[in-house]
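Have a look at the structure below, then the notes.
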Amino acid sequence: MALLTMMVVATFGILRLGNLFAVVILGGIYSFLMATVLVVLDAVDVAMTEASVGAGISTVLMLGTLYLTKVEEAAPVRRSILPLLIALGVGAVLAYGTFDFPPFGVAEAPIHQHVVPRYLAKSVEETMVPNVVTAVLASYRGYDTLGETTVIFTAGIGVLLLLRGGRKGAGARGSKEGGA
Amino acid sequence: MKHDLILRVGVKLLLPFMLLFALYVQFHGDFGPGGGFQAGVIAAAMVILYAVIWGVPAARRVVPMGLVERMIPAGVLIYAGTGVMGLALGGNYLDYFVLLHDPAHGQEWGIFAVEAGVFVTVSGTMTAIFYTFAERER
């Protein structure tokens with residue numbers, strides 16, 4: 001509960017502050033708090049990812065972006081009430097959706113019913129990998145993980161093309177004009 | 001930050017342990033938390049920390065952009081290639097049972113190869129994105 005309260009405080013800090021440097025650092029703090037919450041929930045693998053990606057790499061990339069832009073937040077062009085209403089509406093619908101969730105940690109919840117008992121019972125025997133998370137990710141759900149790796153590949157190529165393609169294209173155009 | 005002695009010495013002490021931790025997370029992923037994705041990010045974080053302290057050109061001498069760019073597709077190819085290996089040895093795509101004589105051992109090695117592929121792609125992507133971000137002029 002204390003962690004969640006701190007996360008709310010960090011969120012309001014992000015919303016209120018105009019200094020983007022402070023916002024980025026608060027974002028990192030938020031990610032670390034989230035990682036701690038995930039550790040409390042016994043999701044150590046996810047916590048590790050959140051701490052390294054959310055708090056580590058994204059914070060560095062945001063700081064790198066800040067270096068290229070201004071540190072102070074730009075004043076909004078116009079204040080409009082519609083986005084706020086949409087955000088509140090979506091948030092309310094999501095909160096309403098959580099009422100149908102099974103209570104936290106109940107064994108009868110659908111997610112613990114389908115294939116999970118088999119994974120837990122058989123994974124060590126079938127894969128010789130004691131960490132069930134690894135067994136599920138890399139073996140039982142190997143296609144999904146291949147898809148995820150491809151997503152990372154695509155994202156990396158996309159960012160490289162976006163950030164560098166323009167300059168190279170300009171250079172090629174320049175040389176063509178030089179030739180003509 | 002090149003002239004900050006404490007940072008330089010501190011980071012110099014930290015770097016080998018970061019790489020060691022990345023490898024630990026990679027190879028111990030079968031037993032404890034972690035795996036290719038987390039290990040790749042930690043390895044990339046090591047390169048990024050080096051670049052932050054000594055500058056991107058120094059980091060690019062250690063880990064050249066050409067290598068990083070090749071790592072991005074290489075990891076996916078390792079992953080997909082493991083699947084094709086399964087096909088070639090008479091199983092389904094991404095079937096690890098056929099990789100070795102003992103099915104469970106095959107699974108172990110298949111998971112190992114696949115995680116290695118994830119590691120290569122993730123660390124390459126993260127480092128490449130950081131390099132391109134850091135080298136843009138204002």
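As the structure is a prediction and not an experimental result, all values here were calculated from the model.
For B/Phe37, the part lying near chain A is the side chain, with the backbone staying farther off; criterion is any non-hydrogen pair under 4.5 Å. The part of B/Met65 that comes within reach of chain A is its side chain, from C-beta onward, which places non-hydrogen atoms under 4.5 angstrom from that chain. Using a 4.5 Å cut-off between heavy atoms, B/Val41 touches chain A through backbone and side chain atoms alike. For chain A, the nearby part of B/Ile48 is the side chain; its heavy atoms alone come within less than 4.5 Å. Both the backbone and the side chain of A/Leu146 come within contact range of chain B, each with at least one heavy atom under 4.5 Å from a heavy atom of that chain. Proximity to chain B (any heavy atom under 4.5 Å) is shown, for A/Val44, by both the backbone and the side chain.
Judged by distance alone, the side chains of A/Ser52 and B/Gln38 never bring a donor and an acceptor atom under 3.5 Å apart.
Between B/Ile129 and B/Thr125 the shortest side-chain heavy-atom distance falls below 4.5 Å.
One N or O on the side chain of B/Tyr131 and one on the backbone of B/Ala59 form a donor-acceptor pair closer than 3.5 Å. With B/Arg70 contributing its side chain and B/Gly66 its backbone, the two residues share a donor-acceptor pair below 3.5 Å. With hydrogens and angles ignored, the 3.5 Å screen pairs no side-chain donor or acceptor of B/Thr132 with any backbone N or O of A/Leu160.
Per-residue heavy-atom pair counts under 4.5 Å with chain B were compared for A/Ile157, A/Ile152, A/Val53, A/Val60, and the maximum is reached by A/Ile152.
The two residues B/Ser123 and B/Ala43 come nearest to each other via the heavy atoms CB-CB, 4.4 Å.
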